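Treat the numbers as computed from the prediction; the structure is a model and nothing was measured.
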Amino acid sequence: MVARSRRLLLALTGTVVLALGVGGYYVHRLILIGAAYDAKMLCSGVFVSGRDAATVEHEDIAANQHSVLQLIRARVDRQQRSVSAGLFGLPQREAVFRDGLGCTLAIGVTADQLRADSTGMVASRRIRTDRPWPEGDAVELRHIARAINTEALYAALDAAFTEPDPTRPRRTRAVVVVYDGRIVAERYAPGFSLDTPQIGWSMTKSVTGALVGVLVGEGKLALNQPAPVSEWRQSSDPRGAITLDQLLRMNSGLAFDENYGAPLSDVVYMLLGTRDMAAYAIAKPLVAAPGSTWHYSTGTSNILARIVHDTGGISAEAQRSFPRRALFDRIGMTSAVLEPDASGIYAGSSFMYASARDWARFGLLCLRDGLWNGAQILPPGWVKYSRTPTTQSPDNEFGAHLWLRVPEPYYRAAGMRPTLPSDAFHIVGHHAQFVSVVPSRKLVVVRLGLSAPWTWDQEEFLVQILRAVPARN
């Protein structure tokens, strides 16, 4: 009896120790993720967007912070241009700012190693000109087309910046409305301006898709050939059959946990806990035959980012500067910053910053089927291809790194959804970042903000804008 009790006690003790070990490991990883988020967002908010640190902490960081992580504190070092964050004042993660590269978490490398690696992207400086936007910076609202109902247009902007429910803030930060190639309305929240680069979150995915298009147009990539991923090249690896088209359409069949509410899910850990985001996603196994099912995956976009990086140049400098050479500088997106991870590959799923006007330039490029001032930036038909529905996606809502319908949670949660023109498509990011394009109405609408789920109705906002612009003749 005594021996049995002793064995039971030992077993119970082992179970408790194991539970404490697992729990401690979980808490440790959770703290690292929280510290990484605070350091990264504060670094980019201060050094890329030029915002006040206290405001970034109070609004952007607090809006996403798990209750367990409220004890994490971040410190801005303006001399070193970095931000460190950790629990009880002990730094556990550091993000480093570099000109033209934005902020990168020092994971698997030291902060000094990051500072020493400034190869590639040099920050562009906008030289203001009096040429009309988008070629220059001049916006003359007095010359808005007479066909536009300015009263309805400004009423839509007024509504966008109101807070119907203070307990569930929408925090609209910027709106730019482009009609027939010209800005006809824009507005900014306090603390933001036409020069403020703002995070696109998953709008970055559509930019990555466009960069793939550039390389397809140059004949360096092929849509229906196996994706050039060296880790999948073993003849026995079924992932070797995944095509570039399937990566763009997110029907590759790769496993990936896209759960933003779980702090240690694939999407969160990849963005905030890994040195090499693309390698993390590439290592995922197949859970379905390529092309058979659709699953939204941030990891897929980072695989594409590595393909773009590796294909965009031979030297490290050429690879890192490719987005600016191939796209940003060619259409005047001088505020755009596509931030790399610690491996040096741009985080093509989530970490691009640009001003609202520059996001509008990208939308206008898509409206024009990739044509800009006589130069074909994207191959002819690329936007049409990107807008072709991925049939495995719900209601054919997704194309090739473009949304064909406004996704959840950015429309009315109950009741009849408004009908938008059938050719409308959308570039969408977390917290209701939107570039909505309606070619039949010659319309591009940018909305940037920090909205909680189900607080922002992009469809209703677009309906209000559409009421103000003339229908197609």
Quick test of your reading of the model: are [X] and [Y] salt-bridged, counting only N-O distances below 4.0 Å?
X	Y	result
Asp117	Arg320	yes
Asp276	Arg306	no
Asp369	Lys384	no
Glu94	Arg115	yes
Arg51	Glu59	yes
Arg239	Glu231	no

* Pick from Gln319, Glu317, Arg325: which one makes a side-chain hydrogen bond (donor to acceptor under 3.5 Å, both in side chains) with Ser321? ->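 Testing Ser321 for a side-chain hydrogen bond (donor to acceptor under 3.5 Å, both in side chains) against Gln319, Glu317, Arg325 leaves exactly one candidate, Arg325.
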Donor-acceptor under 3.5 Å ([X] side chain, [Y] main chain):
X	Y	answer
Arg29	Gly273	no
Asp341	Met277	yes
Thr390	Gln392	no
Gln113	Thr110	yes
Thr243	Asn224	no
His426	Trp403	no
Arg361	Pro134	yes
Thr311	Val308	no
Thr274	Met270	yes
Gln92	Leu87	yes

Looking just at side-chain N and O atoms, do [X] and [Y] make a donor-acceptor pair shorter than 3.5 Å?
X	Y	value
Asp257	Tyr269	no
His401	Ser301	yes
Ser436	Gln458	yes
Thr172	Arg447	yes
Asp195	Ser355	no
Tyr385	Asp245	yes
Lys205	Thr298	yes

Could you tell me the separation between the [atom1] atom of [X] and the [atom2] atom of [Y], rounded to the nearest 0.5 Å?
X	Y	atom1	atom2	value
Met203	Met352	CE	CE	8.0 Å
Gln433	Leu450	CD	CG	7.5 Å
Arg275	Thr104	CZ	OG1	11.5 Å
Leu114	Ser82	CG	OG	10.5 Å
Lys40	Cys103	NZ	SG	6.0 Å
Leu247	Asn302	CG	CG	11.5 Å

Indicate, with yes or no, if the rings of [X] and [Y] have centres closer together than 6.0 Å.
X	Y	value
Phe256	Tyr296	no
Trp454	Tyr410	no
His309	Phe322	no
Trp456	Phe461	yes

Taking the side chain as every heavy atom from C-beta outward, state whether [X] and [Y] have any atom pair closer than 4.5 Å.
X	Y	value
Val207	Phe328	yes
Ile199	Phe351	yes
Phe425	Val383	yes
Val212	Leu248	yes
Leu42	Asp38	no
Trp232	Ile303	yes
Val46	Arg78	yes

* Asked: What class does the angle between the rings of Tyr260 and His430 fall in, given that below 30° is parallel, 30 to 60° is tilted and above 60° is perpendicular?
  ->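 Taking His430 first and then Tyr260, their aromatic rings lie parallel (interplane angle under 30°).
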* Could you check whether the rings of Trp359 and Phe362 sit parallel, tilted or perpendicular, using 30° and 60° as the cut-offs? =>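 If you compare the ring of Trp359 with that of Phe362, the planes turn out perpendicular.
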* Member of Ile183, Val444, Leu443 meeting the side chain to side chain contact (heavy atoms under 4.5 Å, CB included) criterion with Val177 ->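 Exactly one pass, corresponding to Leu443.
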* Could you walk me through whether Leu364 and Trp372 pass the side-chain contact (heavy atoms from CB on, under 4.5 Å) check? -> CA-CA 9 Å; Leu364 189 58; Trp372 194 271; 4.1 Å; yes
* Does Tyr188 have Arg173 sitting over its ring (NZ/CZ under 6.0 Å from centre, angle to axis within 45°)? ->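 Ring-cation test returns no.
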* Asked: Is the NZ or CZ atom of Arg81 both under 6.0 Å from the centre of the six-membered ring of Phe97 and within 45° of that ring's axis?
  ->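 Relative to the ring axis of Phe97, which defines the angle, Arg81 lies outside at least one limit.
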Which atoms form the tightest heavy-atom contact between [X] and [Y], and what is the distance?
X	Y	answer
Thr300	Ser252	OG1-OG, 4.4 Å
Leu105	Ala39	CD2-CB, 4.3 Å
Ala222	Leu244	O-CB, 3.7 Å
Leu30	Leu264	N-CD2, 4.2 Å
Ala354	Asp358	CB-CB, 4.1 Å
Ile307	Pro228	CG2-CG, 3.8 Å

* Step by step, would you call Ser335 with Tyr353 a side-chain contact (heavy atoms from CB on, under 4.5 Å)? -> CA-CA 8 Å; Ser335 73; Tyr353 283 72; over 6 Å; no
* Before giving the answer on side-chain hydrogen bond (donor to acceptor under 3.5 Å, both in side chains), spell out for Arg93 and Ser84 the whole-Å C-alpha distance, their side-chain angles and the decisive distance to 0.1 Å. => CA-CA 6 Å; Arg93 281 289 183 247; Ser84 58; over 6 Å; no
* **Steps toward side-chain hydrogen bond (donor to acceptor under 3.5 Å, both in side chains) verdict (Asp266, Tyr280)** => CA-CA 9 Å; Asp266 283 335; Tyr280 181 87; 2.6 Å; yes
* Going through the checks in order, is the side-chain hydrogen bond (donor to acceptor under 3.5 Å, both in side chains) test met by Gln198 and Ser49? -> CA-CA 6 Å; Gln198 298 191 51; Ser49 299; over 6 Å; no
